[in-house]
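Please read the structure below before turning to the comments.
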Amino acid sequence: MPTVIQLRAETKPFERRSPLSPDGAKALLDAGYVVRVERSSDRIYKDAEYEAVGAELVPTGSWKDAPHDTIILGLKELPDVEAPLPHTHVTFHHIFKQTGHEIWLNRFKQGGGTLYDLEFLCHENGARVSAFGYSAGYAGAALALYNWAHQLLHPDTPQGPVPMFDNAQALIDYVKAALEPAIKANGQPPQIIIIGALGRCGRGATEFCRQVGQENILKWDLAETKKGGPFPEIAQSDIFVNCVFLGAAPVPPFVTFDSLNVPGRRLRVIADVSCDPNSPSNPVPLYSTWSDFENPTLATSKPLEQDPQVRIIAIDHLPTLIAREASDEYSAGLLPTLLTLDKRDTEGVWTRAEKVFKEKVAEIA
C-alpha cells in the first residue's frame, strides 16, 4: 500500500506558510505517495495549485478523522484538541523544550501516535534538513526598519497591524516608501547592528537591509560577542536585530536595562528574531511575552529612564510575512527527507527524530 500524506490546514492566526509546495506535492506523487491537501483560504498556495499537480483536495480539519496510518504534515502547532492523537504527525510543535508539554505528550501516548518535530529532523551533524532562518532574518529586519521610520514620522502613534504581502518585492516597496521621508526627517540613515550576522538568519537580515539601500550595518558574530555583553554598541545604534541561534546554556545578555539607560542612546528598535523570551539563554532579557502581526511591537517590561523608549518586535513566525518565498525555500529543503517517509523505520533522519520523541514520552511515564 502506498504511503498517504495529508497536508493539514494551519490554524495559527496570520500563518500562511506551508511545508509542502505544489511542486513538492508533485514530486511525492511521482514517487508513488498519495497526497491529500486540506482546503485552505489562508495558505499562500491556492488549492487549485495543488489540484493542478494531481493532489486530492479534502475538507479543512479532516486530518482528525483520517485513517490512522495517514501521515499528517503541518507547519505550526496542532489546534488544542483534547482527544488522544493516533496519527503520525510531522510538524513544528515546540513541546520538547518547553514547560507544560506533558499534556501533548500524553495525548500522543494515549493515542499511540508519533511526533516527528520538524525542529529535530536533522542530519547526522546536527544541522536541520530545512529551516526558515533566512526568511525570519529577512522579515525581522524589514519590520525593524519600518518601525524605526514609523517612530520618526508618527512619534505619538503606535504602529498598527502589519499588512500581508503577496511577495518579497511588495514588502521591499512598502519599507522603502516609509524609509525615504524618515531618513530625510532624521538627517541620516539608521545605524543597524545585526548580531549573528554570519548565520542563515543574519544573512537574511543583511540582505533585506541591502535591498532597501541600508548598508550602514555593524555585522557581529562569535568573534565580536565572545567577550560577553552587554555591549554599548547596541545602545549607540538605531536598530538592533538579534539573529543568534539559542542553545541550552545561558549566555551573558547582549543588552540590559542598565546598558540602555545611558544619555544619548540612539536605540529605538529591537527585532528579536531569535524570540525566546522565557528561555534562560535569552540574550535580550527586556521583555517576557510575544508580539504578533496585529500588534507588532512591545514596550520593554519596565520603562526606560532615558528616551527614546525602545520598541521590541518579538513575533515567533516572522517568515509568514514573505510566505511564498519562505515556503518555496523550506519545502525544497524538506522534500528529499519527505521522499524517504516510506523508509522512516530505517532512515537516519527519521529514527533520530523519533528517538527524541520516545525519550520525552518516557520522561512522563
Minimum-distance pair of heavy atoms, taken over all atoms of Y50 and L7 = OH-CD2, 3.6 Å

query = Given the rule that I, L, V, M, F, W and Y join up when any side-chain heavy atoms are under 4.5 Å apart, are F208 and W148 in one cluster?
reply = yes

inquiry  = Is the ring pair F254/F231 parallel, tilted or perpendicular, if the boundaries are 30 and 60 degrees?
reply    = tilted

task = Decide yes or no on salt bridge (charged side-chain N to carboxylate O under 4.0 Å, His left out) for E15 and K76, but give the supporting numbers first.
result = CA-CA 8 Å; E15 184 54 78; K76 299 300 285 184; 5.4 Å; no

query = Between E56 and R36, is there a side-chain N and carboxylate O pair less than 4.0 Å apart?
reply = yes

Rounded distance (nearest 0.5 Å) linking atom OG1 of T300 with atom CG of L260 = 8.0 Å

Heavy-atom pair of closest approach, residues I192 and C209 = CD1-SG, 3.9 Å

message = Checking side chain to side chain donor-acceptor pair (under 3.5 Å) between Y116 and each of H93, R352, E354, which is the one that passes?
response = E354

query = Should L334 and L29 be counted in the same cluster of Ile, Leu, Val, Met, Phe, Trp and Tyr side chains packed under 4.5 Å apart?
reply = yes

task = Begin with the C-alpha distance, continue with both residues' side-chain angles, and end with the deciding distance and a verdict on side-chain contact (heavy atoms from CB on, under 4.5 Å) for V241 and C243.
result = CA-CA 6 Å; V241 185; C243 292; 3.7 Å; yes

Least distance between heavy atoms, A326 atom then P319 atom = CB-O, 3.6 Å

query = Same cluster for W290 and F14 if Ile/Leu/Val/Met/Phe/Trp/Tyr side chains link at under 4.5 Å?
reply = no

task = Decide whether S21 and R324 meet the rule of one side-chain donor and one side-chain acceptor closer than 3.5 Å.
result = no

Passing candidate, side chain to side chain donor-acceptor pair (under 3.5 Å) with Y138, options E325, Q211, E207 = Q211

ask   = Are I44 and F293 co-members of a hydrophobic cluster defined by side-chain heavy atoms under 4.5 Å apart?
value = no

key: salt bridge (charged side-chain N to carboxylate O under 4.0 Å, His left out) between K184 and E180, worked out   = CA-CA 6 Å; K184 185 176 180 180; E180 185 175 343; over 6 Å; no

request  = Provide the closest heavy-atom pair for L115 versus F357 in the form atom of the first, atom of the second, distance.
outcome  = O-CB, 3.5 Å

request  = State whether a side-chain donor-acceptor pair under 3.5 Å links S62 with Q6.
outcome  = yes

inquiry  = Tell me if the CD atom of E124 is crowded by more than 12 foreign heavy atoms within 6.0 Å.
reply    = no

ask   = Given E10 and R43, is the salt bridge (charged side-chain N to carboxylate O under 4.0 Å, His left out) satisfied, shown in steps?
value = CA-CA 8 Å; E10 300 297 322; R43 191 187 291 124; over 6 Å; no

task = Please name the pair of heavy atoms, one in V349 and one in C122, separated by the smallest distance, quoted to 0.1 Å.
result = CG2-O, 3.7 Å

query = Would W63 and T70 count as having a side-chain donor-acceptor pair, cut-off 3.5 Å?
reply = no

key: Spacing of CZ belonging to R311 relative to CZ belonging to R268, to within rounding of 0.5 Å   = 12.5 Å

task = Specify whether H150 and H154 have parallel, tilted or perpendicular ring planes, treating 30° as the upper limit for parallel and 60° as the lower limit for perpendicular.
result = tilted

query = Under a 4.5 Å side-chain heavy-atom rule over Ile, Leu, Val, Met, Phe, Trp and Tyr, are I72 and L118 clustered together?
reply = no

Where L218 and S237 come nearest, the two heavy atoms and their spacing = CD1-OG, 4.2 Å

ask   = Just by distance, with hydrogens left out, do Y287 and N282 show a side-chain donor and acceptor under 3.5 Å apart?
value = no

query = For atom NZ of K26, is the number of surrounding heavy atoms from other residues, nucleotides or ligands below 6.0 Å larger than 12?
reply = no

ask   = Checking ring-ring contact (aromatic ring centres under 6.0 Å, His included) for the pair Y174/F165: CA distance, chi angles, key distance, verdict?
value = CA-CA 9 Å; Y174 178 78; F165 301 94; 5.1 Å; yes

message = I need the N186 CG to Q151 CD distance, nearest 0.5 Å.
response = 11.0 Å

message = How about CD on E224, more than 12 heavy atoms from neighbouring residues, nucleotides or ligands closer than 6.0 Å, or not?
response = yes

ask   = Passes side-chain hydrogen bond (donor to acceptor under 3.5 Å, both in side chains), D328 versus Y45? Steps please.
value = CA-CA 10 Å; D328 284 349; Y45 303 120; 2.5 Å; yes

key: L318 side chain reached by V273 side chain, heavy atoms, under 4.5 Å   = yes

request  = Ignoring hydrogens and angles, state whether a donor on the side chain of Q214 or N216 is under 3.5 Å from an acceptor on the partner side chain.
outcome  = no

query = Can you find a side-chain donor-acceptor pair between N147 and Q159 that sits under 3.5 Å?
reply = yes

ask   = Any salt bridge between D221 and K226, counting N to O under 4.0 Å?
value = no

key: Of Q188, R266, Q191, R265, the residue whose pairing with D238 passes side chain to side chain donor-acceptor pair (under 3.5 Å)   = R266

Side-chain heavy-atom pair T346, T351 within 4.5 angstrom cut-off = no

message = Tell me whether R17 forms a cation-pi arrangement with F132, defined as NZ or CZ under 6.0 Å from the six-membered ring centre and within 45 degrees of its axis.
response = yes

